Amino acid sequence: MPAPLIVITAGHKTPPEPYEQAVERAGGQPRVVVPGDCVPDLPDDAAGLILAGGASVQPARYGSGIEPGVKPTMDLPRDELEWAILDQAIGRGLPIFGICRGLQVVNVYYGGSLHQELANTSYAPFHRPDQSRDHLAHPVRAHGGRLEGLLGSEQLWVNSIHRQGIKRIGAGLLATVFADDGLIEGVETPDGQVLAVQWHPEELAERDAAAHVLFADLVDRSRRLTRVGVTS
């Protein structure tokens, strides 16, 4: 059976290679989709979806303006693309994995809101350190759900490249991974179709088993979905 097709939504400034390599390493076939003149349909043969990192979600999508002192870095065409692609992927029952911005997109899609600048909150400053993208910045711990099944319940060190974070969790989502300061670092739907993490496992997957397993799980679920589709 051919490798399952994993669609990766990204911005024009998002380096796609780490995501593509992580998918290929896990046995999937990546295809990157970026905003264009019109919102594309999710390919008929898509078997899974990754929402990659990138610019901030438009605050109007969660009923807010841009907060004082926050530098706007939005990508409205990408918001439009990912909302439409999410509609299609959820409707087709595809496994979905959100990464950093992808977690924030998932949360807002389900009706949640975001802290627009964690530095203006009581959360610790380690979420956006001045370090390399693969620097292990702080620990997280999973508490239940599919993410605990994948990552285990022990403390796990992760990288951290984000200024924003979940403020109010979206309706129907479960918060299952947390940083030591209490910030939500992982969410999922109760059925496990949608998983999302706040860190960047694609930057760690080559040498970190816990990062790799997140992509391996997505590809495995996509492969099983493809197999059912072929044999039904």
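No experiment lies behind these values; they were computed from the predicted model shown. The basis for the numbers below is simple: all heavy atoms, side chains too, and nothing from hydrogens, waters or symmetry mates.
Environment of CG in D191: crowded, with over 12 heavy atoms of neighbouring residues, nucleotides or ligands closer than 6.0 Å. Within a 6.0 Å sphere centred on CD of E154, heavy atoms belonging to other residues, nucleotides or ligands number 12 at most. Crowding of E67 atom CD: a count of heavy atoms from other residues, nucleotides or ligands under 6.0 Å exceeding 12.
Under the 4.5 Å side-chain criterion, counting only non-hydrogen atoms from C-beta, Q193 is in contact with I96. With contacts defined as side-chain heavy-atom distances shorter than 4.5 Å, the pair P201/F215 qualifies. E206 places none of its side-chain heavy atoms less than 4.5 Å from the side chain of Q21. Looking at L183 and I166, their side chains never come closer than 4.5 Å, going by heavy atoms from C-beta outward. You'll find the side chain of V158 reaches within 4.5 Å of the side chain of H138, heavy atoms only.
Here the CZ atom belonging to F97 is positioned 10.0 Å from the CG atom belonging to L51, to the nearest 0.5 angstrom. Here CD of Q155 is found 5.5 Å from CG of D180. Values are rounded to the nearest 0.5 Å. The distance from atom NZ of K167 to atom OG of S64, rounded to the nearest 0.5 Å, is 7.0 Å. Taking CG of L174 as the reference point, atom OG1 of T189 lies at 7.5 Å (rounded to 0.5 Å). F126 CZ to L118 CG: the interatomic distance, rounded to the nearest 0.5 Å, is 10.0 Å. For the atom pair I6 CD1 and L218 CG, the distance stands at 4.5 Å (nearest 0.5 Å).
Follow the hydrophobic side-chain contacts under 4.5 Å out from L225 and you reach V194 in the same cluster. A continuous path of hydrophobic side-chain contacts links I169 to I90 [ILVMFWY only; heavy atoms under 4.5 Å]. Under the 4.5 Å side-chain contact rule for hydrophobic residues, V140 and L195 share a cluster. Cluster membership check: Y109 does not share its hydrophobic cluster with I50, using side-chain heavy-atom separations under 4.5 Å among Ile, Leu, Val, Met, Phe, Trp and Tyr. The hydrophobic clustering, which links ILVMFWY residues whose side-chain heavy atoms are closer than 4.5 Å, places Y123 and L136 apart.
Side-chain atoms of N159 come within 3.5 Å of backbone atoms of R133 as a donor-acceptor pair (strictly under, hydrogens ignored). Proximity of a side-chain donor or acceptor of R31 to a complementary backbone N or O of P43 within less than 3.5 Å is not detected. Looking only at distances, a side-chain donor or acceptor of R92 sits under 3.5 Å from a matching main-chain atom of D44. A donor-acceptor pair is defined here as one N or O able to donate and one able to accept, closer than 3.5 Å; such a pair exists between the side chain of E188 and the backbone of L147. Using a distance-only test at 3.5 Å, with no hydrogens or angles considered, no donor-acceptor pair links the side chain of T73 to the main chain of A55. Listed for the R78 side chain is no donor-acceptor partner under 3.5 Å among the backbone atoms of V34. Using a distance-only test at 3.5 Å, with no hydrogens or angles considered, no donor-acceptor pair links the side chain of E202 to the main chain of E17.
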| query | Could you go step by step and tell me if R61 and W83 meet the side-chain contact (heavy atoms from CB on, under 4.5 Å) rule? | reply | CA-CA 10 Å; R61 287 190 177 266; W83 255 255; 3.4 Å; yes
| request: Verify side-chain contact (heavy atoms from CB on, under 4.5 Å) between V23 and Q29, making sure each step is shown before the conclusion. | output: CA-CA 7 Å; V23 168; Q29 175 191 349; over 6 Å; no
| Pair Q198-Q104, side-chain contact (heavy atoms from CB on, under 4.5 Å): steps then yes or no | CA-CA 8 Å; Q198 185 61 82; Q104 295 163 14; 3.3 Å; yes
| request: Show your reasoning for whether side-chain contact (heavy atoms from CB on, under 4.5 Å) applies to D41 and Q88. | output: CA-CA 8 Å; D41 289 330; Q88 297 171 58; 3.9 Å; yes
| query | After noting the C-alpha distance and the side-chain angles of D181 and H127, does the key distance pass the side-chain hydrogen bond (donor to acceptor under 3.5 Å, both in side chains) rule? | reply | CA-CA 10 Å; D181 62 359; H127 292 287; 2.8 Å; yes
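G192 approaches R146 most closely through the heavy-atom pair O-CD, 4.0 Å. Of all the heavy atoms in C100 and G53, the pair that sits closest is CB-CA, 4.4 Å. When all heavy atoms of P4 and A47 are compared, the closest pair comes out as CB-CB, 3.9 Å. Contact record, A210 with L151: O-CD2, 3.6 Å, taken as the closest heavy-atom pair. Across all their heavy atoms, H135 and P129 have their closest contact at CD2-CG, 4.2 Å.
The closest side-chain donor-acceptor pair between H162 and Q164, if any, does not fall under 3.5 angstrom.
Under the 4.0 Å criterion applied to side-chain N and carboxylate O atoms, D75 and R101 are not assigned as salt-bridge partners.
For the side chain to side chain contact (heavy atoms under 4.5 Å, CB included) test with L42, the passing option among L86, T9, L94 is L94; the others fail.
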